[in-house]
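A short write-up of the structure that comes next.
Worth saying up front: this structure is predicted, and the values here are computed from it rather than measured. No hydrogens, no waters, no symmetry mates; every other heavy atom, side chains included, goes into these values. If you read the sequence from its start, that first residue is 1, and numbering goes on from there.
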Amino acid sequence: MSRDRPDAPPAPGTGKGAKPARCSGPYRLTDWSPAVADLEQRGQRRTMFIGRSVVIVLSIILVGLLGRVYQLQAYPSPLIAELRDSQTSTSELAAMRGALTDRNGRVLAATRVAYRLFCDPSFIEDRGTFSEQVAFALEMDPVKIEIALWERSRSLYVLLSPRLTDEQVEKFHEAEIKGIFIEPVVVRDYPQGGLAGTLLGFTGTEGFGLEGLERRWEDRLAAKPGRLEFLRDNRRRPMWVNGESYVPYDDGDNIRLSIDAYLQKVCEEELLKTIEHYGADSGQIIIMQPHTGEILAIATFPSYDPNNFLKVNKEQRRNRPVTEIFEPGSIFKPFIWAGLTEMGAARPNEMVDCTTAGSWRMPNGRVLGDVRGKGLITWHDVLKYSSNIGMARIAQRRSVYDIHDIMVSFGFGQKTGIGLPGEERGIMLMHDNAGARSYSHGSWPMGQEVGVTGIQLVRAMSVLANGGVMVQPTIEAYDPSAEEILPPRQRVVSKATAHAALAAMRDSVTRETGGTGTKADSPFYDIFGKTGTAEIPDLVNGGYYSDRYTASFLGGAPADRPRIVVGCFISNPDPEVGYYGGTVAGPAVRSVVEKTLLYLGVPTNPGTNPADILIEEVEVQ
C-alpha cells in the first residue's frame, strides 16, 4: 500500500511533460520564481513610497522655513524686531577717580554718576521738528542740537549734552521723545563750590586733570576703567555677556590734603574783605605749620568755582602763591638780618647809626632813606623799626656774595618743591659788573632787586619760627599713624639767631614798643611779624610806579612757641584808602591768627576770654 496521499501532487519530474530536475531534494528554486519577483517588486514600491514621502515632507519643511524667513524679514513680531538688529559691542566699565579731601576728611573733589544725552537719528520720527521738541522739553538750545546732528549726520550715536542736570533727567523721563536716550557717566564734582578753587584745579570733559592738583596728581587720581563685551538688541539693551572678555576696573587713589577746609574758608573770606575794602587788584593769604611744612590754607583772589571753570578766564585761574613774582620790600629784612647775625656781622644789642635825618649816602653814592630818622639804635631795633639805613650799614660789613648766599640759604631763587603746577623760581640775579654788585648790596637787604613768591616767603619765615631749619612745604597731609618720615631738614641759622629775630619781630608788633606792625597786635595771642610796603616795578618804562604798591605782612604766633606762620600779600591797593603793609595786611593777619589758633585749641593769653574773638559764621560742608 503506497504511503503517499492519493490527492498529493505528483513528485517533481514524474508528471507529464516534466523536465529532468537540476538538483536533488524535495523542492527546486525555479518552482518559486514568480513569488520572489512579486516580493521584490513590492519592496521596491515601498522604498519608492518612503523616499517620495521624505522628499515631500522635506520640501514642505523647506518651504515653511523660507516662508518663515520672509515673514520675519517683512512682518516680524515686536520681540523679533528688537533682536533683529542686535550686535556684539564692547562696553567700558566706568571707574571712579580718586577723591581729594581736606585733612579732616571733608570732601573737596569727588566723582559721582551723572547722565549724558544722545540720540540715534534712525529712530527720529519727524526730523523737521526734532530739535525743537528736545530743546523745549529739556530746556536746551535747538541750534546746538541741529549742529550736532549735522556734524554727525551718518552716525547712529550723536551726543547732544555731555552732562544733564538732575532736573533735565526728570524731564527726559517725562518727555518720552523717540530717538533720544541717556546713559550714565561719571563726572567730577566739587561740593565746596569755589573753596580752594585755584588750588584744586579741574578736569576736562574726558576726565583728565587740566589744572591745579587735579593735574599735579593725575597719575594717582586717575581711574583705570574695565571692559565688558556683550550682545545688545536694537534698543541697545544688553542680552548676554562674554565672560572671557571681562576686565575689572580700578578706582583712583583718594588723597588727603594738608588743607583744613574751615581755615581755608576763613582765609578766603578775610582776603575778600580786605580786597574789597582797599580796592586792590589781587591778593594771597597762606597759613603754614612751621615744624612740618604742611599748608593749612592757601587762599588767592581772584578765584573761581571749578564746577564752572569754562566761565572764567585764565587770569582768574592763576594760583598766585606759587606763580606770581613780586618784590617783597621790607618783609625780606628778617632773613638778611638773621643771616648777617649768624655770620657775626652784628650782635642784636650792638648800636647802629641810622641817622636822625632819615637819609644816608652809601659809598657808591646811592642815597637811602627811612620814613623816620631813628638816630643811634640797636641792631635789634633796626629790624623792629625796619630801618633801611641800618640794614645797609651792616650789610656793608659783608661782601655782596655773602648777601647772595644768605638769600640762597633761605630758599630764594629756587622752587620750594611743593609740587604745584606753574611754580616759579623767583628772580635773584648776580650781576657780573662791579657797579651792579654794589647797587645790589644796598637793594637786597631791604627787599629790592629780587623777585619772590608768597610760598617762598612763608617757607623762609618758617625757618625762623621753628628754630632755624628749612622744611619742605607740602600740600599733602602727613599721617602720624603711618610713621611717615619728614623730608630731611637743613639748618640755616642757629636757634639763638632764630629766637633773636623772633624777639625783634615780636617787638615790631607790640603796641607798647611802637614798631611798624602794631595793627597786627592781638590781646589774645603774642603775634610776631614784619610789615612790607614795596613799590611795584614798571616793566614797560623801567623804574617803579609812584602810586602802586604791594602791601604785605608776614608773621606768626604764638611768639614763644610758634604753631603757625601766616603771610598776607595785597597787590595794588587804592592809595587813597591805604597802602602801607601794616595798615592793609596787618589786621587781616591778626584776624586769621586769632581764629586759627582758637580753632586749633591753643589757649589764649591769661586774662583774656576766647569768646571775645570775633568769629563770623563760617560754614563748610
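- A donor-acceptor contact shorter than 3.5 Å links the side chain of Y525 to the backbone of V602.
- A pairwise comparison of heavy atoms in A504 and H380 identifies CA-CE1, 3.3 Å as the closest pair.
- Looking at R97, its side chain does come within 3.5 Å of a backbone N or O of G207 through a donor-acceptor pair.
- In the displayed structure, Q490 atom CD is contacted under 6.0 Å by at most 12 heavy atoms of other residues, nucleotides or ligands.
- The closest side-chain donor-acceptor pair between R188 and T111 falls under 3.5 angstrom.
- If you run salt bridge (Lys or Arg N to Asp or Glu O under 4.0 Å) between E476 and each of R220, R216, R103, only R220 comes through.
- Once rounded to the nearest 0.5 Å, the distance linking CZ of F202 with CG of L310 reads 7.5 Å.
- Between K415 and E424, no side-chain nitrogen of the basic residue sits less than 4.0 Å from a carboxylate oxygen of the acidic one, so the salt-bridge criterion is not met.
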Only pairs under 3.5 Å count here: list side-chain donor-acceptor contacts from residues 564-588, not counting sequence neighbours, and write none if there are none.
{"residue": "N572", "atom": "ND2", "partner": "D281", "partner atom": "OD2", "Å": "2.8"}
{"residue": "D574", "atom": "OD1", "partner": "E576", "partner atom": "N", "Å": "3.1"}

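- Shown here for P191 and V107, the closest heavy-atom pair between the two residues is CG-O, 3.4 Å.
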Item to complete: Evaluate side chain to side chain donor-acceptor pair (under 3.5 Å) for E214 paired with Y190, printing each intermediate quantity in order.
Response: CA-CA 12 Å; E214 295 280 22; Y190 301 89; 2.8 Å; yes
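- In this structure the side chain of P328 reaches within 4.5 angstrom of the side chain of L457, judged on heavy atoms.
- Salt-bridge check for D260 with R106: passed, with a basic side-chain N closer than 4.0 Å to an acidic carboxylate O.
- Using a 4.5 Å cut-off on side-chain heavy atoms (C-beta onward), K374 and I389 make no contact.
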Worksheet item: Taking it one step at a time, do T300 and T198 satisfy side chain to side chain donor-acceptor pair (under 3.5 Å)?
Response: CA-CA 7 Å; T300 182; T198 55; 5.0 Å; no
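- Take D381 and apply the salt bridge (Lys or Arg N to Asp or Glu O under 4.0 Å) test, not counting sequence neighbours, and it matches no residue.
- Between I418 and V322 there is a side-chain heavy-atom pair separated by less than 4.5 Å.
- Rounded to the nearest 0.5 angstrom, F301 CZ and L271 CG are separated by 7.5 Å.
- In this structure, F309 places its CZ atom where more than 12 heavy-atom neighbours from other residues, nucleotides or ligands lie under 6.0 Å away.
- Using the six-membered ring where Trp is involved, W444 and H404 have ring planes that are tilted, between 30° and 60° apart.
- In this structure, CD in Q289 is found 11.0 Å from OG1 in T474, a value given to the nearest 0.5 Å.
- Counting heavy atoms from C-beta outward, L597 and P558 have side chains that approach closer than 4.5 Å.
- Side chains of L296 and M288 form no contact here, defined as non-hydrogen atoms less than 4.5 Å apart.
- Residues I298 and I286 share a closest heavy-atom pair of CG1-CG1, 4.3 Å.
- Here Q192 contributes atom CD and Q264 contributes atom CD; the two are 10.5 Å apart, rounded to the nearest 0.5 Å.
- S161 is not listed as a side-chain neighbour of R116, based on a closest heavy-atom distance of 4.5 Å or more.
- Minimum heavy-atom separation, T516 to S386: CG2-CB, 4.2 Å.
- Judged purely by distance below 3.5 Å, without hydrogens or angles, the side chains of Q456 and T416 never pair a donor atom with an acceptor atom.
- What you find for V493 and F410 is that their closest heavy atoms are CG1-CZ, 4.2 Å.
- Salt-bridge formation is not detected for the pair D521/R590: no Lys NZ or Arg NE/NH1/NH2 atom is positioned less than 4.0 Å from an Asp or Glu carboxylate oxygen.
- Between R548 and E535 no salt bridge is recorded (no basic side-chain N to carboxylate O distance below 4.0 Å).
- Counting only distance, with no hydrogens or angles, the side chain of S409 and the backbone of I406 share a donor-acceptor pair below 3.5 Å.
- Side-chain atoms of N466 come within 3.5 Å of backbone N or O of G468 as a donor-acceptor pair.
- Under the 6.0 Å cut-off for aromatic ring centres, F335 and F412 qualify, their centroids lying closer than that.
- R320 has a carboxylate O that lies under 4.0 Å from a charged side-chain N of E315, or vice versa, which qualifies the two as a salt bridge.
- Between F208 and E218 the shortest side-chain heavy-atom distance falls below 4.5 Å.
- For the residue pair S591/E594, the side-chain donor-acceptor check at 3.5 Å is not satisfied.
- Judged purely by atom type and a 3.5 angstrom limit, S258 uses its side chain to pair as donor or acceptor with the backbone of I295.
- Ionic pairing of E270 and K273 is present here: one or more N-O contacts between side-chain nitrogen and carboxylate oxygen are shorter than 4.0 angstrom.
- Among the candidates L257, I259, L195, the single residue satisfying the side-chain contact (heavy atoms from CB on, under 4.5 Å) test with L200 is L257.
- The two atoms that bring A261 and L108 nearest to each other are CB-CD2, 4.4 Å, heavy atoms only.
- The CD atom of E327 lies 3.5 Å from the OH atom of Y544; values are rounded to the nearest 0.5 Å.
- Heavy atoms from other residues, nucleotides or ligands lying under 6.0 Å from CZ of R561 number 12 at most.
- Taken from CG in L383 to CE in M505, the straight-line distance is 6.5 Å, to the nearest 0.5 Å.
- Considering only heavy atoms from C-beta on, I331 stays 4.5 Å or farther from F553 through its side chain.
- Remark: the backbone N or O of N388 is paired with a side-chain donor or acceptor of D370 at under 3.5 angstrom.
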